[in-house]
A.B. asks: 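Quick one: this structure, given as structure tokens, is what I'll be asking you about.
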Amino acid sequence: MPPRRGDRNDDGPRVNQNIRAEKVRLVDADGEMAGVVSVPEALRMAEEAGLDLVEVSPNADPPVCKILDYGKYKYEQQKKAAEARKKQKTVDVKEVKIRPGIEKHDYEVKMRNARRFLEAGDKVKVTMRFRGREMAHQDIGLGVLRKMKEELADVSKPELEPKLEGRQMIMVLGPDSTKS
């Protein structure tokens with residue numbers, strides 16, 4: 001059965017007949033404090049105004065209720081939540097793949113990309129892949145990763161030190177907000 005107008009859903013306040021307190025502190029449609037009244041009296045006042053009785057502060061003693069348009073109230077709450085979501089920054093993990101025998105120019109390009117990602121506030125996962133006999137020279141790969149970490153130290157902080165996982169060595173650098 002679909003919920004009726006005035007039924008409380010789990011994500012919203014109690015409305016109209018669902019208010020369980022005996023007495024409530026009432027704020028009328030004009031925003032004026034009407035004092036402590038019984039719920040039936042508050043419901044009657046809300047009905048006269050053609051609006052809903054909404055419990056805005058259920059934990060107060062007695063609970064605070066407002067006479068307002070519940071549909072408009074829910075819409076404004078959704079707009080506030082959407083605005084808050086829009087303002088928060090999500091941190092993405094960008095990946096930079098390199099090889100142990102990386103040449104100077106290729107290394108500089110990868111460094112430029114990693115620096116740009118870190119300055120934009122994203123994390124950078126540096127993956128060093130070893131193929132064939134390169135596994136015998138992990139020290140070369142570790143040296144390249146350490147050099148990269150040192151050169152990016154002004155804009156990053158290491159979140160995961162270089163470690164070998166199978167045939168690849170991984171390092172994660174996070175943006176350092178204290179060095180901006």
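Keep in mind that the numbers below use all heavy atoms, side chains included, and drop hydrogens, waters and symmetry copies. Note that the structure is predicted; figures quoted are calculated from it, not measured.
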A.B. asks: Do Phe130 and Leu164 come within less than 4.5 Å of each other through their side chains, counting heavy atoms only?
C.D. replies: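 Yes, their side chains come closer than 4.5 Å.
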A.B. asks: Side chain to side chain contact (heavy atoms under 4.5 Å, CB included) for Leu26 and Val36? Distances and angles first, verdict last.
C.D. replies: CA-CA 6 Å; Leu26 184 66; Val36 178; over 6 Å; no
A.B. asks: For the atom pair CG (Asp69) and CD (Glu76), what is the distance rounded to the nearest 0.5 Å?
C.D. replies: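 Reported value, rounded in 0.5 Å steps: 9.0 Å.
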A.B. asks: Quick one: pull up OH in Tyr70 and CG in Asn16 and give me the separation to the nearest 0.5 Å.
C.D. replies: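 If I round to the nearest 0.5 Å, the distance is 9.5 Å.
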A.B. asks: Which distance, rounded to the nearest 0.5 Å, do you find between the CE of Met111 and the CG of Asp106?
C.D. replies: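 That separation rounds to 13.5 Å.
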A.B. asks: Kindly give the heavy-atom pair with the smallest separation between Pro162 and Leu145, and that separation in Å.
C.D. replies: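 For Pro162 versus Leu145, the nearest heavy atoms are CB-CD1, 3.9 Å.
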A.B. asks: Using distance only, find each side-chain donor-acceptor pair of residues 114-125 under 3.5 Å and give its atom names and separation, not counting sequence neighbours.
C.D. replies:
from   : atom 1 : to     : atom 2 : distance (Å)
Arg115 : NH1    : Asp154 : OD1    : 3.2
Arg115 : NH1    : Asp154 : OD2    : 3.1
Arg115 : NH2    : Glu151 : O      : 2.9
Arg116 : NH1    : Asn113 : OD1    : 3.4
Asp122 : OD1    : Lys89  : NZ     : 3.4
Asp122 : OD1    : Asp92  : N      : 3.3
Lys123 : NZ     : Glu159 : OE1    : 3.0

A.B. asks: Pick out which of Val37, Leu43, Val39 makes a side-chain contact (heavy atoms from CB on, under 4.5 Å) with Glu41.
C.D. replies: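 So the option named by the test is Val37.
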A.B. asks: What heavy-atom pair brings Tyr107 and Val144 nearest, and what distance separates the two atoms?
C.D. replies: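 For Tyr107 versus Val144, the nearest heavy atoms are CE1-CG1, 4.2 Å.
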A.B. asks: Which heavy atom of Met128 sits nearest to which heavy atom of Pro100, and what is that distance?
C.D. replies: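 Taking Met128 first and Pro100 second, the nearest heavy atoms are SD-N, 3.2 Å.
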A.B. asks: Would you sort out whether Val155 and Asp176 count as a side chain to side chain contact (heavy atoms under 4.5 Å, CB included), showing the intermediate values?
C.D. replies: CA-CA 6 Å; Val155 291; Asp176 193 354; over 6 Å; no
A.B. asks: Before accepting this row, confirm whether a basic side-chain N of the pair Glu134/Arg99 lies closer than 4.0 Å to the acidic partner's carboxylate O.
C.D. replies: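 Yes, Glu134 and Arg99 are salt-bridged.
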A.B. asks: Less than 4.5 Å apart, side chain to side chain, heavy atoms only: is that true for Arg131 and Arg129?
C.D. replies: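 Yes, close enough: below the 4.5 Å cut-off.
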A.B. asks: Looking only at non-hydrogen atoms, find the nearest pair between Met169 and Gly141 and report the distance.
C.D. replies: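 In terms of heavy atoms, the two residues are closest at SD-C, 4.4 Å.
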A.B. asks: Is any side-chain heavy atom of Val24 less than 4.5 Å from a side-chain heavy atom of Glu55?
C.D. replies: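 Answer no - side chains too far apart.
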A.B. asks: For the residue pair Val54 and Tyr73, establish whether any side-chain heavy-atom pair is separated by less than 4.5 Å.
C.D. replies: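 Yes. Closest side-chain heavy atoms under 4.5 Å.
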A.B. asks: Report yes if some heavy atom in the side chain of Val27 is under 4.5 Å from a heavy atom in the side chain of Val64; otherwise report no.
C.D. replies: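 They are in contact (side-chain heavy atoms under 4.5 Å apart), so the answer is yes.
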A.B. asks: Can you name the closest pair of heavy atoms from Arg25 and Pro62 and give their distance?
C.D. replies: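 It is NH2-CD, 3.7 Å.
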A.B. asks: Residues two or more places apart in sequence or in another chain: which of them pass side chain to side chain donor-acceptor pair (under 3.5 Å) with Gln77?
C.D. replies: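 For Gln77, no residue satisfies side chain to side chain donor-acceptor pair (under 3.5 Å) once neighbours in sequence are set aside.
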A.B. asks: Would you indicate whether Glu103, at its atom CD, is surrounded by more than 12 heavy atoms from other residues, nucleotides or ligands within a distance under 6.0 Å?
C.D. replies: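 Incorrect, the count does not exceed 12.
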A.B. asks: Just checking Glu47: does its CD atom have more than 12 heavy atoms from other residues, nucleotides or ligands closer to it than 6.0 angstrom?
C.D. replies: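 No, the 6.0 Å shell around CD holds no more than 12 heavy atoms from other groups.
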A.B. asks: Measuring only between side-chain heavy atoms, which start at C-beta, is Met171 closer than 4.5 Å to Pro158?
C.D. replies: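 With C-beta onward as the side chain, the pair stays apart.
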A.B. asks: Do Leu152 and Met148 come within less than 4.5 Å of each other through their side chains, counting heavy atoms only?
C.D. replies: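 Yes. Closest side-chain heavy atoms under 4.5 Å.
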A.B. asks: Considering only NZ, NE, NH1 and NH2 on the basic side and carboxylate oxygens on the acidic side, decide whether Lys163 and Glu165 come within less than 4.0 Å.
C.D. replies: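 Glu165 and Lys163: salt-bridged.
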A.B. asks: Out of curiosity, Ile102 CD1 to Lys147 NZ, how far, rounded to the nearest 0.5 Å?
C.D. replies: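 Ile102 atom CD1 to Lys147 atom NZ measures 9.5 Å (nearest 0.5 Å).
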A.B. asks: Could you give the distance from CG (Leu173) to CD (Glu161), rounded to the nearest 0.5 Å?
C.D. replies: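 The CG atom of Leu173 sits 8.5 Å away from the CD atom of Glu161.
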A.B. asks: Are Ile98 and Ile170 connected, step by step, through hydrophobic side chains (Ile, Leu, Val, Met, Phe, Trp, Tyr) whose heavy atoms are closer than 4.5 Å?
C.D. replies: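 As far as the 4.5 Å side-chain criterion goes, Ile170 and Ile98 are not connected within one cluster.
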A.B. asks: Please evaluate residues Thr127 and Glu95 with respect to the criterion side chain to side chain donor-acceptor pair (under 3.5 Å), reporting the C-alpha separation (whole Å), side-chain torsions for both, the decisive distance (0.1 Å), and the verdict.
C.D. replies: CA-CA 7 Å; Thr127 305; Glu95 187 171 17; 2.6 Å; yes
A.B. asks: For atom CZ of Arg44, is the number of surrounding heavy atoms from other residues, nucleotides or ligands below 6.0 Å larger than 12?
C.D. replies: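 Yes, enclosed.
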A.B. asks: Closer than 4.0 angstrom, basic N to acidic O: yes or no for Glu83 and Lys79?
C.D. replies: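 Looking at Lys79 together with Glu83, the answer is no, because their closest N to O distance does not fall below 4.0 Å.
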